[in-house]
Amino acid sequence: MDFHNQTAVVTGGTRGIGRAVTEAFLAAGGSVIATFRSNSDAANTFKAELGEAGERLTLAQFDVTQEDQVTAFWDGLDSTETSVQVLVNNSGIRRDHVMAMMPTKDWHAVLDTNLTGTFLMAKAGVLHMLQARYGRVINITSPAGQYGFEGQANYSASKAGQVAMGRSLSKEVAKRGITVNCVSPGFVATELIDDLPADAVKAHKKSVPMKRFGRPDEIAYAVLCLAAKEASYINGATLEVTGGL
Ligand code: NDP
């Protein structure tokens, strides 16, 4: 896969799965704008560690839940005539509670980040891509959206919403050369799930046919496949990368 002369925006692109996606685009010759919300230490360390490839990485700090910040980000790209071909909506959070005990603020925090953040970025992203009549939008969802997991009503709803919203959008923009798809990773060892107790990790690994968690680079490979020019007839799809879960 060749991403020379292409620019990808990867939200949450400085840690975990997003970081691996950023690295994969850079390795394939692309330029990346990796966004993050608050962990500037992780972002700056990541860029410094990349060496020469880091010259094709731009960092952008803003909150995907804030429409004014999202708009300012895309306006900034337009004003510098930066053309974006790929948008990966990867930023996400968890705030797990059984629903009967779920604080409403944690319902909103997860929906705002995972679903409204994806909406705001995708809305501005496709408007940007329409000019070139070419684009690839990839939302990182989760099997939680399909199955619903205990303690994750907010997260599951947000992840199901990303798929449904993506399918609607895919129908709206297909004739303009823009595809919209989802990647649904299984368990991947990142900071997002490092609070899971050891017995839960053991049980989850046992439930995966491959008997292990996925690696971020294994998710990144799927993202790049959908982002490739050659993936021109894959639209409105969800690619499961779960080790067979
Ligand atoms: P991490 O917690 O490792 O990284 C999350 C990233 O999202 C960080 O870069 C963070 O920024 C950014 N972020 C969070 N909130 C916001 C916000 N409001 N505005 C902008 N950026 C934000 O998560 P993962 O890499 O594990 O997860 C990435 C995606 O993959 C998520 O959507 C998650 O739901 C999904 N996923 C993960 C699975 C897993 O097992 N890990 C399984 C299935 C899906 P900062 O660095 O500043 O905090």
Side-chain angles (χ1 to χ4, degrees), residues 9-24 32-47 57 59-73 87-96 106 108-122 124 138-149 152 154-163 165-166 182-196 200-201 204-205 207-208 210 212-220 222-223 238-243 245:
V9 170
V10 183
T11 68
T14 56
R15 291 201 289 119
I17 292 170
R19 175 186 164 130
V21 171
T22 297
E23 287 174 320
V32 180
I33 303 165
T35 85
F36 63 102
R37 178 188 45 188
S38 50
N39 193 339
S40 42
D41 284 349
N44 291 324
T45 304
F46 173 44
K47 184 169 164 76
L57 171 64
L59 300 173
Q61 181 174 8
F62 63 93
D63 186 336
V64 295
T65 70
Q66 301 302 307
E67 188 162 11
D68 56 341
Q69 295 181 30
V70 171
T71 304
F73 169 73
L87 167 63
V88 183
N89 288 307
N90 163 81
S91 52
I93 60 168
R94 279 173 52 220
R95 296 280 187 277
D96 296 357
D106 286 347
H108 285 303
V110 171
L111 268 291
D112 286 355
T113 304
N114 300 0
L115 186 55
T116 306
T118 298
F119 162 72
L120 292 172
M121 286 298 290
I138 294 136
N139 299 334
I140 309 299
T141 178
S142 159
Q146 191 180 355
Y147 301 115
F149 292 150
Q152 293 199 316
N154 50 0
Y155 185 78
S156 302
S158 72
K159 292 291 162 184
Q162 282 182 308
V163 174
M165 184 177 68
C182 291
V183 168
S184 180
F187 299 103
V188 182
T190 67
E191 285 173 52
L192 185 78
I193 61 168
D194 69 3
D195 61 336
L196 289 180
V201 169
H204 288 323
K205 282 190 180 160
S207 73
V208 181
M210 286 190 178
R212 66 172 177 87
F213 283 179
R215 299 187 311 268
D217 65 284
E218 292 176 310
I219 311 306
V223 173
T238 298
L239 177 53
E240 294 179 15
V241 191
T242 63
L245 202 61

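Everything numeric in this text was worked out from a predicted model, so none of it was measured. Counting starts at 1 for both ligands and their atoms, following the listed order.
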(request) Check side chain to side chain donor-acceptor pair (under 3.5 Å) between D96 and all other residues, then give those that pass, not counting sequence neighbours. (result)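 Residues passing side chain to side chain donor-acceptor pair (under 3.5 Å) with D96: R94, Q152.
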(request) State which residues pass side chain to side chain donor-acceptor pair (under 3.5 Å) with N114; sequence neighbours excluded, sorted by chain then number. (result) S158
(message) With a 4.5 Å cut-off on side-chain heavy atoms, are M165 and F119 touching?
(response) yes
(request) Spell out, as yes or no, whether a donor-acceptor pair under 3.5 Å connects the side chain of S156 to the backbone of A144. (result) yes
Sequence neighbours left out, cut at 3.5 Å: what donor-acceptor pairs do the side chains of residues 16-23 make with other protein atoms?
unit_1	atom_1	unit_2	atom_2	d
R19	NH2	E49	OE1	3.1
T22	OG1	G13	O	2.8
T22	OG1	G18	O	3.1

List ligand 1's nitrogen or oxygen atoms that come under 3.5 Å of a protein nitrogen or oxygen, with the partner atom and distance.
unit_1	atom_1	unit_2	atom_2	d
ligand 1	11 (O)	R37	N	3.4
ligand 1	18 (N)	D63	OD1	2.8
ligand 1	19 (N)	V64	N	3.0
ligand 1	25 (O)	I17	N	2.8
ligand 1	26 (O)	T190	OG1	2.4
ligand 1	32 (O)	N90	O	2.8
ligand 1	32 (O)	K159	NZ	2.9
ligand 1	34 (O)	Y155	OH	2.5
ligand 1	34 (O)	K159	NZ	3.0
ligand 1	40 (O)	V188	N	2.9
ligand 1	40 (O)	V188	O	3.2
ligand 1	41 (N)	V188	O	3.1
ligand 1	41 (N)	T190	OG1	3.2
ligand 1	46 (O)	R15	NE	2.8
ligand 1	47 (O)	R37	N	2.9
ligand 1	47 (O)	S38	N	2.6
ligand 1	47 (O)	N39	N	2.8
ligand 1	48 (O)	R15	NH2	2.9

(request) Taking atom types as modelled, find out whether T141 and N139 have a side-chain donor-acceptor pair closer than 3.5 angstrom. (result)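 Judged by distance alone, the side chains do not pair up.
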